[in-house]
Structure formats: structure tokens, C-alpha cells
Amino acid sequence: MVLLHLPRTHISLSTHFSLFPKPKTPAFATATTLPPILTSALFSAPQSTLSASEPIPISELPEPQIEPPQEFETHIEIPLEKLFVPPETEVSYTDAGALSTRILKGSNILLSKYARNAQVEQAEFVKSSVRTEDCPSDSLPEFALVGRSNVGKSSLLNSLVRRKRLALTSKKPGKTQCINHFRINDSWYLVDLPGYGYAAAPQELRTDWVKFTKDYFLNRSTLVSVFLLIDASIPAKKIDLEYASWLGQNQIPMTLIFTKCDKRKKKRHGGKKAEENVQDFQELISGFFETVPPWIMTSSLTSQGRDEMLLHMAQLRNYWLKH
């Protein structure tokens, strides 16, 4: 539990399904005096955030035994107004005036009453499509994973379902060329979309990928949220910023998934820590959204962020099904 000591104040319960573009404003115009929340960036060995009554079973892939060095433990400061409050989530306080609503580790996301049935019990590949109209027509809710080529998308998908080869990984980026649907628990879908920014792909093929991916975003009625994967081991890329901007301008619900958060760049080589790149990226896209997008820090190597992603998907999915 994360405790924030501050007086009871009004918090706008902004909905994840209403991300609107806004004009850029000077940084001082939105300055706040509220104290920040400290949230662990989870560079220590991963710990489950699921309740004891709702475990995520391990099917094929054993729990990693990797224990990163202590210097990987760090914190990110999150101002109160930059927390993501899911729809119909009550922000509660202790008698001492501290925020008692649970925050998912390594994220800015509050846990809501809809975070249930998050475990993955079954996962299977269903089909590949090159047109939105060819995608499955059973009206199940779905979450789309998309990111720059070589961002670690297939590895993350495999980590989510505890399957080594559900989504094939390749040392050559740009191998995903279709809209790939994976049915989870016979009740919802994970969707693997083509990576963007792979220079070695023919121009005609890259154009086709962009065309049908954007058509999918704009016309897929069962799409609950796009999970935009960003490599946190390197500074922000222009193409990632443009992709996030396009999603915001077209009011496509989006969650930022920062990958490779276990990697550390040496300062003397000009690199930044993962949490620094995460904060830089959020500052760069802040002008594109009326409300702060939810974000989660992950690592396929250590399983950091896996449980948090599943809980976040569960609360968005269950809210979507109810409404």
C-alpha cells in the first residue's frame, strides 16, 4: 500500500475512455504544490500484486530466479494529479488524511473494484488477419500490443501468458506482418500488431502495415485499449512520440508500457536510467492528452510489471463489459 499524507482534496475521476488532445501550455501553468507519491520502479526481484485469493497460475514457464543487484532499487516521484484513476474508482483516505487507495507497483495506476479475474489460465492463437473486417467477429474485448520494431513485443506477450513460444520471437525485427489474435481464457483477446519503424522492410510493405494498423485502431469496436510499447533503456524516439500523439489526437484509449526496464545504461556513455527515460517520455507527450495516460514499467527478463499489466487489463475489461 502506498500512503500519501495530504489533506482531503477533490480529485477528478477522469475516465480512461476519454483521452482528448489539448493545446500545449507552459509548464508553470499546471504547476502544483501537492507532494509527490513515491512508487517503486521494481528493479528488485518481482513480487505479485495479486491477492492471495486470485493467484496467476504458472503453466509452462517457471518463475525467473533472477535477483538484480540492490542498486537497481529506485523510486519514481508521481505528483497526485498524474495518477491514473480508473472509471468508478473511489479515492479513499485514512483517518490521518493519507491516500489509502492501492497503486499498482511501478505504475501510475490506481487499483479499482473491477480488477478481478486477472489470471491467465488458457491462451491460444486464433488467426492472422490483414484487414480489420477479417478479424474475429465474436465481439470479445481485446487489447492491442504495438511498438517500434525490436521493442520486445513478442517476448512481453509470451511473458504475460507464461508460454515460451505463443508469439514467435525473432532476432530479426519486423517479422510480425499481420493482425494476430490470441484468445485468453475463451473470454478476451491479446492482439499482436506489426511493429513500426523497421527501416529494412520494403517501403510498400511498411505503408501497408501503417494503413491497416490505423484502420484497426479507428474501426475495431471491441478494442478496449492500445498498449503502446516504449523501450525505456534508451531516450525517447521521435517515431514513438508521433505514434502516441496520433493515438491521442484520434481519441484512442492508450496505456504506455515501458519495456526493458531491467537494462541500465552507463552514465559515462551518455545513457540514462530507465526511470529517467520514462519520466522524459511522459513530459514530452504531456501536451497531447487532456488526462494523463496510464503507464507501467516492465521487463520480460524479470517479469517486472507482468501482474500489474494483467490487473490493469482486468479492470479496464470488466468495466468495458459492464458498460
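As a basis for the values below, the full set of heavy atoms in this structure was taken, side chains included, without hydrogen atoms, waters or symmetry mates.
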For this session: May I have the step-by-step check of side chain to side chain contact (heavy atoms under 4.5 Å, CB included) for Leu310 and Gln119, ending in yes or no?
Result: CA-CA 7 Å; Leu310 291 174; Gln119 67 270 27; over 6 Å; no
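- Between the side chain of Asp192 and the main chain of Asn180, no donor-acceptor pair closer than 3.5 Å is present.
- The residue from Val126, Thr222, Ile184 that alone fulfils the side-chain contact (heavy atoms from CB on, under 4.5 Å) condition with Tyr189 is Val126.
- A donor-acceptor pair under 3.5 Å is absent between the side-chain atoms of Ser303 and the main chain of Arg306, judged by distance alone.
- Side chain of Thr101 to backbone of Ser92: a donor-acceptor contact under 3.5 angstrom is found.
- Phe84 and His312 make their closest contact through CE2-CE1, 3.9 Å (heavy atoms, listed as atom of the first residue, atom of the second, distance).
- At distances below 3.5 Å, at least one donor-acceptor pair connects side-chain atoms of Gln282 with backbone N or O atoms of Val278.
- When side chains are defined from C-beta on, Arg183 does not count as touching Trp188, because their heavy atoms never get closer than 4.5 Å.
- The OG atom of Ser225 lies 12.5 Å from the CH2 atom of Trp320; values are rounded to the nearest 0.5 Å.
- In this structure a side-chain-to-backbone donor-acceptor pair under 3.5 Å is present from Lys127 to Asp134.
- Although no hydrogens or angles enter the test, the distance criterion places a donor-acceptor pair under 3.5 Å between the side chain of Asn277 and the main chain of Ala232.
- In the hydrophobic cluster analysis, where Ile, Leu, Val, Met, Phe, Trp and Tyr join through side-chain heavy atoms closer than 4.5 angstrom, Val130 is grouped apart from Val191.
- Taking 4.5 Å as the limit, some side-chain heavy atom of Phe281 sits within range of a side-chain heavy atom of Leu241.
- Checking side-chain atoms of Glu283 against main-chain N and O of Asp280 turns up no donor-acceptor pair under 3.5 Å.
- Annotation for Pro293 and Asn108: closest pair O-ND2, 3.3 Å, computed over non-hydrogen atoms.
- The distance from atom CD of Glu124 to atom CG of Asn185, rounded to the nearest 0.5 Å, is 10.0 Å.
- Side-chain heavy atoms closer than 4.5 Å link hydrophobic residues (I, L, V, M, F, W, Y) into clusters, and following such links, possibly through other members, connects Phe258 to Ile239.
- Considering every non-hydrogen atom in both Ile252 and Phe217, the closest pair reads CD1-O, 3.6 Å.
- You'll find the side chain of Gln315 reaches within 4.5 Å of the side chain of Ile109, heavy atoms only.
- Between Lys153 and Leu193 the shortest heavy-atom distance is NZ-O, 2.8 Å.
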Exercise. How far apart are the C-alpha atoms of Thr298 and Leu156, what are their side-chain angles, what is the distance that settles it, and do they pass the side chain to side chain contact (heavy atoms under 4.5 Å, CB included) test?
Worked result: CA-CA 8 Å; Thr298 71; Leu156 180 63; 4.2 Å; yes
For this session: Report the C-alpha distance between Phe143 and Leu316 in whole Å, list the side-chain angles of each, state the deciding distance to 0.1 Å, and finish with yes or no for side chain to side chain contact (heavy atoms under 4.5 Å, CB included).
Result: CA-CA 10 Å; Phe143 297 87; Leu316 294 181; 4.2 Å; yes
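- With hydrogens and angles left out, the side-chain atoms of His323 and Glu88 include a donor and acceptor closer than 3.5 Å.
- The pair Asp240-Lys237 does not meet the salt-bridge criterion, since no charged nitrogen lies less than 4.0 angstrom from a carboxylate oxygen.
- With a 4.5 Å cut-off on side-chain heavy atoms, Val120 and Arg162 do not count as touching.
- Aromatic ring orientation, Tyr196 versus Tyr243: parallel (interplanar angle below 30°, classes split at 30° and 60°).
- Closest non-hydrogen pair, Thr259 versus Val151, comes out as OG1-O, 2.9 Å.
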Exercise. When you look at Phe288 and Ile285, which way does the side chain to side chain contact (heavy atoms under 4.5 Å, CB included) test go after all the steps?
Worked result: CA-CA 6 Å; Phe288 304 143; Ile285 68 164; 3.7 Å; yes
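- No side-chain donor from either of Asp262 and Thr302 sits under 3.5 Å from a side-chain acceptor of the other.
- Atom OG of Ser286 is separated from atom NZ of Lys82 by 6.5 Å, given to the nearest 0.5 angstrom.
- For the pair Thr89/Lys113, no side-chain contact is recorded, criterion being any heavy-atom separation below 4.5 Å from C-beta on.
- Atom-to-atom distance recorded for Lys273:NZ and Gln279:CD is 11.0 Å, nearest 0.5 angstrom.
- Here the shortest heavy-atom pairing between Arg220 and Glu142 reads NE-OE2, 2.9 Å.
- With hydrogens and angles ignored, the 3.5 Å screen pairs no side-chain donor or acceptor of Ser107 with any backbone N or O of Ile296.
- Taking CD1 of Ile257 as the reference point, atom CZ of Phe227 lies at 5.0 Å (rounded to 0.5 Å).
- Here the OH-CG distance, from Tyr319 to Leu321, works out to 12.0 Å after rounding to the nearest 0.5 Å.
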